[in-house]
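To start, the structure itself, in structure tokens.
This is a predicted model, so every value here is computed, not measured. When reading the values below, keep in mind they use all heavy atoms of this one structure, side chains included, and skip hydrogens, waters and symmetry mates.
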Amino acid sequence: MKNNLLIGFVLGLIFPVLAFFLTKHTDVQMQLFPDKPTGLYVIAGAINLMSCYVCYKKGLDKVGNGFVLATFLGMLLMVFSKTLFIPTE
């Protein structure tokens with residue numbers, strides 16, 4: 001595998017996007033974590049950080065940085081979308 005930041009970023013987007021679609025379009029979130037609405041996103045972040053660790057151990061530091069970037073941006077997006085509430089009235 002090439003040591004490229006873009007490859008790491010794209011690979012790092014896989015699990016957060018999967019968590020988003022599972023949360024929005026299925027009942028998996030409610031069955032596994034009924035009182036934790038961000039449970040799948042936290043699992044996706046943990047998978048990305050473990051992948052980042054493996055990349056650093058193999059010497060693929062730019063790919064690892066891409067994983068960190070995708071995880072950081074995904075968690076920022078989750079925090080802002082879950083905490084910001086705009087009333088419609």
Side-chain angles (χ1 to χ4, degrees):
M1 180 188 314
K2 290 172 55 174
N3 194 12
N4 190 345
L5 182 72
L6 185 62
I7 291 173
F9 183 71
V10 170
L11 289 174
L13 288 178
I14 292 171
F15 286 108
V17 169
L18 182 66
F20 172 76
F21 282 116
L22 286 175
T23 301
K24 293 295 178 187
H25 301 294
T26 66
D27 292 334
V28 172
Q29 172 69 36
M30 293 307 294
Q31 291 172 356
L32 295 176
F33 309 105
D35 47 335
K36 301 205 181 329
T38 59
L40 289 178
Y41 296 113
V42 171
I43 291 173
I47 291 171
N48 274 358
L49 292 178
M50 286 187 293
S51 301
C52 172
Y53 176 76
V54 169
C55 287
Y56 284 139
K57 284 292 186 182
K58 290 187 174 188
L60 299 170
D61 56 336
K62 290 182 182 179
V63 175
N65 289 344
F67 272 105
V68 170
L69 179 64
T71 304
F72 181 72
L73 291 177
M75 290 299 142
L76 271 178
L77 206 99
M78 180 196 66
V79 166
F80 285 129
S81 68
K82 294 290 180 186
T83 58
L84 292 179
F85 175 70
I86 301 172
T88 57
E89 293 180 19

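Sorted by first and then second residue, the ring-ring contact (aromatic ring centres under 6.0 Å, His included) pairs involving residues 39-70 (not counting sequence neighbours) form an empty list.
Residues passing the side chain to side chain contact (heavy atoms under 4.5 Å, CB included) test with Leu6, sequence neighbours excluded: Asn4, Val10. Residues satisfying the ring pair (Phe, Tyr, Trp, His ring centres under 6.0 Å) criterion with Phe21, sequence neighbours excluded, are His25. Taking Leu77 as the reference, nothing meets the side chain to side chain contact (heavy atoms under 4.5 Å, CB included) condition, with sequence neighbours excluded.
Residues Thr71 and Asn48 share a closest heavy-atom pair of OG1-CB, 3.0 Å. Heavy atoms only, all atoms of each residue included: Cys55 and Val63 are closest at SG-CG1, 3.6 Å. Heavy-atom minimum distance, Gly64 versus Cys52: O-SG, 3.5 Å.
The NZ atom of Lys58 sits 12.5 Å away from atom CG of Asn3, with the distance rounded to the nearest 0.5 Å.
Clustering of Ile, Leu, Val, Met, Phe, Trp and Tyr by side-chain heavy atoms under 4.5 Å joins Val54 with none of the others. Residues Phe15, Leu18, Leu22, Val28, Leu32, Phe33, Leu40, Ile43, Met50 make up the rest of the hydrophobic cluster containing Ile47, defined by ILVMFWY side-chain heavy atoms closer than 4.5 Å, directly or through other members.
Cluster annotation: Phe80 is connected to Phe72 through the hydrophobic network of ILVMFWY side chains, with a link wherever side-chain heavy atoms come within less than 4.5 Å. When the side chains of ILVMFWY residues are joined at heavy-atom separations under 4.5 Å, either directly or via intervening members, Leu60 and Ile14 end up in a single hydrophobic cluster.
A donor-acceptor contact shorter than 3.5 Å links the side chain of Gln29 to the backbone of Lys36.
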